[in-house]
Amino acid sequence: MSVDFNTLPEESKIWIYQSNRKFSDDEIIEIEKALEEFVNNWAAHGTGLEAGFITKYNRFIILAVNQENQMATGCSIDASVQFIQELEQKYSVDLLDKMNVTFKLGEHIAHKSLIDFKKMAKDKAVTENTIVFNNLVNTVGEWQEYWEVPANESWHSRFF
């Protein structure tokens with residue numbers, strides 16, 4: 001059962017998928033339609049999940065489930081990963097590769113491999129104050145508070 005992402009409790013489980021490229025506005029419209037359909041039918045052991053989604057910066061897909069009502073289980077999580085893999089194929093993007101870093105360079109959103117980000121830190125092309133996207137957050141509350149933060153406030157701090 002699809003609900004407005006912004007109405008989900010802070011304890012809701014969250015999954016963040018970052019694209020290796022920016023989606024066009026038309027692609028985002030298509031992706032959001034597909035997400036709405038997926039979330040409306042997303043279930044665990046035959047029980048619909050109270051779930052929502054949001055897209056950010058034409059680059060991030062964020063899924064969340066209110067686990068107070070029904071827990072996302074292995075099969076339902078597998079279904080979401082399969083859905084994300086279908087998006088990867090349709091749009092020729094990487095959404096599941098966790099060895100990349102996305103960060104802000106002014107108003108621009110940059111996406112680099114972990115190795116390139118480490119080199120940029122060493123070369124001082126990015127600093128401890130560079131805004132990074134901490135995709136390791138686990139709940140909506142953590143996402144609201146700790147997703148878009150200076151590098152020194154996330155796991156990225158180890159590179160400085």
Side-chain angles (χ1 to χ4, degrees), residues 1-104 107-114 116-117 131-151 153-157:
M1 165 180 70
S2 178
V3 298
D4 182 335
F5 180 89
N6 296 310
T7 66
L8 288 164
E10 288 187 358
E11 303 78 33
S12 297
K13 174 71 177 136
I14 197 169
W15 294 269
I16 300 172
Y17 303 98
Q18 69 183 6
S19 175
N20 61 322
R21 70 164 173 85
K22 184 177 180 179
F23 291 110
S24 71
D25 290 341
D26 288 341
E27 286 174 326
I28 285 294
I29 291 168
E30 290 176 11
I31 289 167
E32 287 180 346
K33 278 185 181 176
L35 281 162
E36 184 69 33
E37 184 177 328
F38 172 76
V39 169
N40 266 324
N41 296 302
W42 200 11
H45 300 295
T47 302
L49 295 172
E50 184 179 327
F53 69 88
I54 192 168
T55 58
K56 296 291 280 184
Y57 301 110
N58 284 36
R59 193 177 279 273
F60 296 93
I61 296 169
I62 302 150
L63 287 172
V65 172
N66 179 359
Q67 298 207 108
E68 290 175 5
N69 296 336
Q70 174 68 38
M71 299 283 284
T73 60
C75 291
S76 60
I77 293 168
D78 288 350
S80 69
V81 170
Q82 182 178 347
F83 171 76
I84 293 297
Q85 289 172 325
E86 289 167 7
L87 292 178
E88 283 184 317
Q89 288 183 339
K90 181 173 183 177
Y91 296 99
S92 299
V93 295
D94 284 328
L95 293 165
L96 295 167
D97 188 348
K98 303 294 185 200
M99 297 304 291
N100 295 307
V101 177
T102 305
F103 56 97
K104 286 187 174 180
E107 291 301 309
H108 177 70
I109 306 292
H111 180 85
K112 299 288 182 188
S113 71
L114 199 53
D116 288 344
F117 185 80
I131 301 298
V132 295
F133 296 94
N134 178 8
N135 297 326
L136 299 181
V137 295
N138 290 305
T139 66
V140 168
E142 287 178 9
W143 176 78
Q144 292 167 337
E145 197 72 27
Y146 304 110
W147 179 57
E148 201 170 324
V149 294
E153 295 179 22
S154 81
W155 64 269
H156 303 83
S157 64

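Owing to the predicted nature of the structure, the values given are computational and were not obtained by experimental measurement.
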Taking the side chain as C-beta and beyond, is there a heavy-atom pair between Ile131 and Glu148 under 4.5 Å?
yes
Is the distance between the ring centroids of Trp143 and Phe60 under 6.0 Å?
no
With rounding to the nearest 0.5 angstrom, report the CD1 to OG distance, Ile31 to Ser24.
8.0 Å
Any residue meeting ring-ring contact (aromatic ring centres under 6.0 Å, His included) with Tyr57, in chain and number order, not counting sequence neighbours
Phe133
Decide side chain to side chain contact (heavy atoms under 4.5 Å, CB included) for His156 and Phe103; before the verdict, give the C-alpha distance in whole Å, the side-chain angles of both, and the deciding distance to 0.1 Å.
CA-CA 10 Å; His156 303 83; Phe103 56 97; over 6 Å; no
With rounding to the nearest 0.5 Å, note down the distance linking CG in Asn41 to CD in Glu36.
10.0 Å
Check residues 62-75 and write down every donor-acceptor pair under 3.5 Å in which the side-chain atom is one partner and the other belongs to a residue at least two apart or another chain.
| residue | atom | partner | partner atom | Å |
| --- | --- | --- | --- | --- |
| Asn66 | OD1 | Glu68 | N | 3.0 |
| Asn66 | ND2 | Glu50 | OE2 | 3.3 |
| Gln67 | OE1 | Ala72 | N | 2.8 |
| Asn69 | ND2 | Glu50 | OE1 | 2.3 |

Would Ile14 and Phe5 count as a side chain to side chain contact (heavy atoms under 4.5 Å, CB included) if you check the C-alpha gap in whole Å, the side-chain angles of each, and the deciding distance to 0.1 Å?
CA-CA 10 Å; Ile14 197 169; Phe5 180 89; 4.1 Å; yes
No-hydrogen, no-angle side-chain donor-acceptor test under 3.5 Å, Asn135 and Gln18:
yes
Flag side-chain contact, heavy atom, 4.5 Å: Ile16 against Trp147:
yes
I would like to know whether Lys104 and Ile109 meet side chain to side chain contact (heavy atoms under 4.5 Å, CB included); could you show each step before the answer?
CA-CA 5 Å; Lys104 286 187 174 180; Ile109 306 292; 3.7 Å; yes
As an exercise, state the distance from CG of Leu114 to NZ of Lys98, rounded to the nearest 0.5 Å.
13.0 Å
Check the pair Trp15 / Val81 against side chain to side chain contact (heavy atoms under 4.5 Å, CB included), numbers first and verdict last.
CA-CA 10 Å; Trp15 294 269; Val81 170; over 6 Å; no
Contact summary for Ser76 and Trp42, nearest pair of heavy atoms
O-NE1, 2.8 Å
Rounding to 0.5 Å, atoms CZ (Phe83) and CG (Asp78) come to a distance of 15.0 Å
Answer yes or no: are there more than 12 heavy-atom neighbours, outside Glu37 itself, under 6.0 Å from its atom CD?
no
To check you understand the geometry: which heavy-atom pair defines the closest contact between Leu95 and Phe23, and what is its length?
CD2-CZ, 4.2 Å
Are Glu32 and Thr55 packed together at the side-chain level, in the sense that at least one heavy-atom pair is separated by less than 4.5 angstrom?
yes
Evaluate the side-chain proximity of Asn134 to Trp155: yes if any heavy-atom separation is below 4.5 Å, no if none is.
yes
Determine the minimum heavy-atom distance between Ala44 and Leu49, stating which atoms define it.
CB-CD2, 3.9 Å
The reported gap from NZ in Lys22 to CG in Asn58 (rounded to nearest 0.5 angstrom) is 5.5 Å
Less than 4.5 Å apart, any side-chain heavy atom of Val3 and any of Leu8?
yes
Provide the closest heavy-atom pair for Ser80 versus Tyr17 in the form atom of the first, atom of the second, distance.
OG-OH, 4.1 Å
Please name the pair of heavy atoms, one in Ala43 and one in Gly46, separated by the smallest distance, quoted to 0.1 Å.
CB-C, 4.2 Å
Okay, side chain of Asn40, backbone of Ser2: is any donor-acceptor separation there less than 3.5 Å?
yes
Side chains of Gln85 and Glu88, heavy atoms from C-beta outward: is any pair under 4.5 Å?
yes
Contact between Asp97 and Asn20 at the side-chain level, heavy atoms closer than 4.5 Å - yes or no?
no
Closest approach of Glu27 to Tyr91 (non-hydrogen atoms, all atoms of both residues):
OE2-CD2, 3.6 Å
